[in-house]
Visitor: 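Have a look at this one.
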Amino acid sequence: MTTGLAATALAAALAVPAQAHGDGRPPHWELKQTGTDVRFRGLAAVSRNTAWLAGTGGTVLWTRDGGEHWRTVSPPGAQDLQFRDIEAFDARRAVVLAIGEGESSRVYRTDDGGATWTETFRNTDPRAFYDCLTFFDPRHGLAMSDPVDGKSRILSTEDGGRSWNVLPDDGMPPALEGEAGFAASGQCLVSSGRRDVWLATGGAARARVLHSADRGLTWTATDTPVPAGDPARGVFALAFRDRAHGIAVGGDYRADQPSPTAAATTGDAGRRWTPAAHPPPAYRSGVAWLPYSRAAALAVGPTGTDLTTDGGRTWSTVDTGSYDTVDCTPDRGCWAAGEKGRVARLEN
């Protein structure tokens, strides 16, 4: 529940009166009934009214009325796939990523609101495992795989996801032993602007963020203070409000393990990362900047939602519901999704 000082801070971050909602309540997550118990780790918010979801069992849903009604538009024959990321350009065009070893990693695209889908990529390398995808614009995008031959693998499209090519790995730094991405929220690969992209890792001795300023051709790797040293620990999600200012969240996804220093910030495109002075109290798998704010962002995880109003330096819990991913839109539409069909929109 969003109460007290947290509600006031959230209202201020959204630039609305604390009691602006029609029923007199302060800004809060309002659950939307999806009619399913699917776990949704893929979320693409288009506006306050339109959002896409992707989850287990090859499930894709969308709404165009703010979550009051959801339409199932899953690709035919995908029921055995695990969708973990979805990127939508509008109410009709979307690209969805299925994860897994070998041919389980696939990409589908729709141009008609999910009425039909085209499979545009199927991984044939048994060593590859794709985790996340991102788009710079409606044509140019990337997807990332866990390391193959000692380096993270990058897939590129220049036609909106209709075709894909594996990029050369000459400019990719060697992976650390055990290093991989986390397909937890569709936010282990994120972009800002026309050419900058960041890749989050964990599972190794150090949790790193890799940055490319040329759409994935060359990369630099930087250590972060987020806990690592175990396959369950690392940076799980990134968010950049511009090409310089970013937030990393993560920790240890095991419920019985603590996650100190579960957030960090950068102001120089990821060349240096600073631990949060007062981080979220537990593992967080998703993060998003609030619209039109230079300092406010939300982080979500199985034990709650946290708000920062100082660019990620300090965080306070504003809700205790379970969510895996979060996304916000320019018209101040913020959505969250997670386990057991849970989807919510921030009402303000």
Side-chain angles (χ1 to χ4, degrees), residues 42-47 50-52 54 83-97 99 105 107-111 118 120-121 130-145 152-173 181 183 185-201 209-222 235 237-248 266-271 286-289 291-292 297 325-331 333:
L43 166 65
V46 176
S47 68
T50 301
W52 295 72
F83 289 139
R84 293 294 181 92
D85 198 357
I86 187 166
E87 302 291 328
F89 309 115
D90 51 39
R92 298 183 61 80
R93 299 177 297 161
V95 177
V96 64
L97 171 72
I99 68 159
S105 285
V107 178
Y108 295 82
R109 178 184 165 106
T110 182
D111 290 289
T118 301
T120 61
F121 173 77
Y130 286 85
D131 299 292
C132 294
L133 57 85
T134 189
F135 276 84
F136 304 94
D137 56 49
R139 293 187 59 82
H140 300 91
L142 302 176
M144 60 82 67
S145 164
S152 294
R153 176 169 287 182
I154 302 297
L155 199 64
S156 174
T157 180
E158 296 182 352
D159 55 12
R162 295 179 179 88
S163 64
W164 297 84
N165 296 291
V166 175
L167 292 181
D169 65 3
D170 298 354
M172 177 66 70
S185 61
Q187 295 177 325
C188 61
L189 184 73
V190 302
S191 57
S192 180
R194 295 182 57 83
R195 304 188 69 82
D196 287 275
V197 58
W198 295 263
L199 187 162
T201 76
V209 172
L210 283 67
H211 171 230
S212 170
D214 56 11
R215 290 184 180 164
L217 292 176
T218 59
W219 299 78
T220 56
T222 303
V235 176
L238 299 166
F240 277 78
R241 64 172 173 83
D242 53 39
R243 73 173 308 270
H245 298 87
I247 295 173
T266 181
D268 58 10
R271 286 188 291 273
V287 62
W289 290 92
Y292 305 109
T325 188
V326 60
D327 195 17
C328 295
T329 63
D331 64 349

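Position 1 is the first residue of the sequence, and the numbers go up from there. Side chains included, hydrogens not; waters and symmetry mates left out as well; all remaining heavy atoms used.
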Visitor: Main chain of Trp219, side chain of Ser212: is a donor-acceptor contact present, judged purely on distance under 3.5 Å?
Guide: no
Visitor: May I ask you to decide if Ser163's main-chain N or O and Thr157's side chain share a donor-acceptor pair within less than 3.5 Å?
Guide: yes
Visitor: Between Arg243 and Arg194, is any pair of side-chain heavy atoms under 4.5 Å apart?
Guide: no
Visitor: How about Asp196 and Phe240: do any of their side-chain heavy atoms sit closer than 4.5 Å?
Guide: no
Visitor: So, are Arg109 and Asp159 salt-bridged, with charged N and O less than 4.0 Å apart?
Guide: no
Visitor: Look only at the side chain of Asp331 and the backbone of Ser47, and say whether a donor-acceptor pair between them is shorter than 3.5 Å.
Guide: no
Visitor: So, the side chain of Trp289 versus the backbone of Gly246: is there a donor-acceptor pair under 3.5 Å, distance only?
Guide: no
Visitor: Quick one, Trp198 and Thr134 - any side-chain contact, counting heavy atoms below 4.5 Å?
Guide: no
Visitor: Which heavy atom of Thr329 sits nearest to which heavy atom of Pro291, and what is that distance?
Guide: O-CG, 2.9 Å
Visitor: Can you tell if the side chain of Arg84 reaches within under 4.5 Å of the side chain of Asp131, non-hydrogen atoms only?
Guide: no
Visitor: Indicate yes or no for a side-chain donor-acceptor contact from Asp242 to the backbone of His245 under 3.5 Å, with no hydrogens or angles considered.
Guide: yes
Visitor: With a 4.5 Å cut-off on side-chain heavy atoms, are Met144 and Thr201 touching?
Guide: no
Visitor: Among Val197, Leu155, Leu133, find the residue that satisfies the side chain to side chain contact (heavy atoms under 4.5 Å, CB included) test when tested with Leu142.
Guide: Val197
Visitor: Hey, does Ser156 have a side-chain heavy atom less than 4.5 Å from the side chain of Arg215?
Guide: no
Visitor: Heavy-atom distance under 4.5 Å between the side chains of Glu87 and Asp85, does that happen here?
Guide: yes
Visitor: From the options Leu199, Leu217, Val166, Leu210, select the one residue that forms a side chain to side chain contact (heavy atoms under 4.5 Å, CB included) with Ile154.
Guide: Leu199
Visitor: Do side-chain atoms of Ser185 reach the backbone of Thr325 as a donor and acceptor pair under 3.5 angstrom?
Guide: no
Visitor: Within the 4.5 Å heavy-atom criterion, are Tyr130 and Arg153 side-chain neighbours or not?
Guide: yes
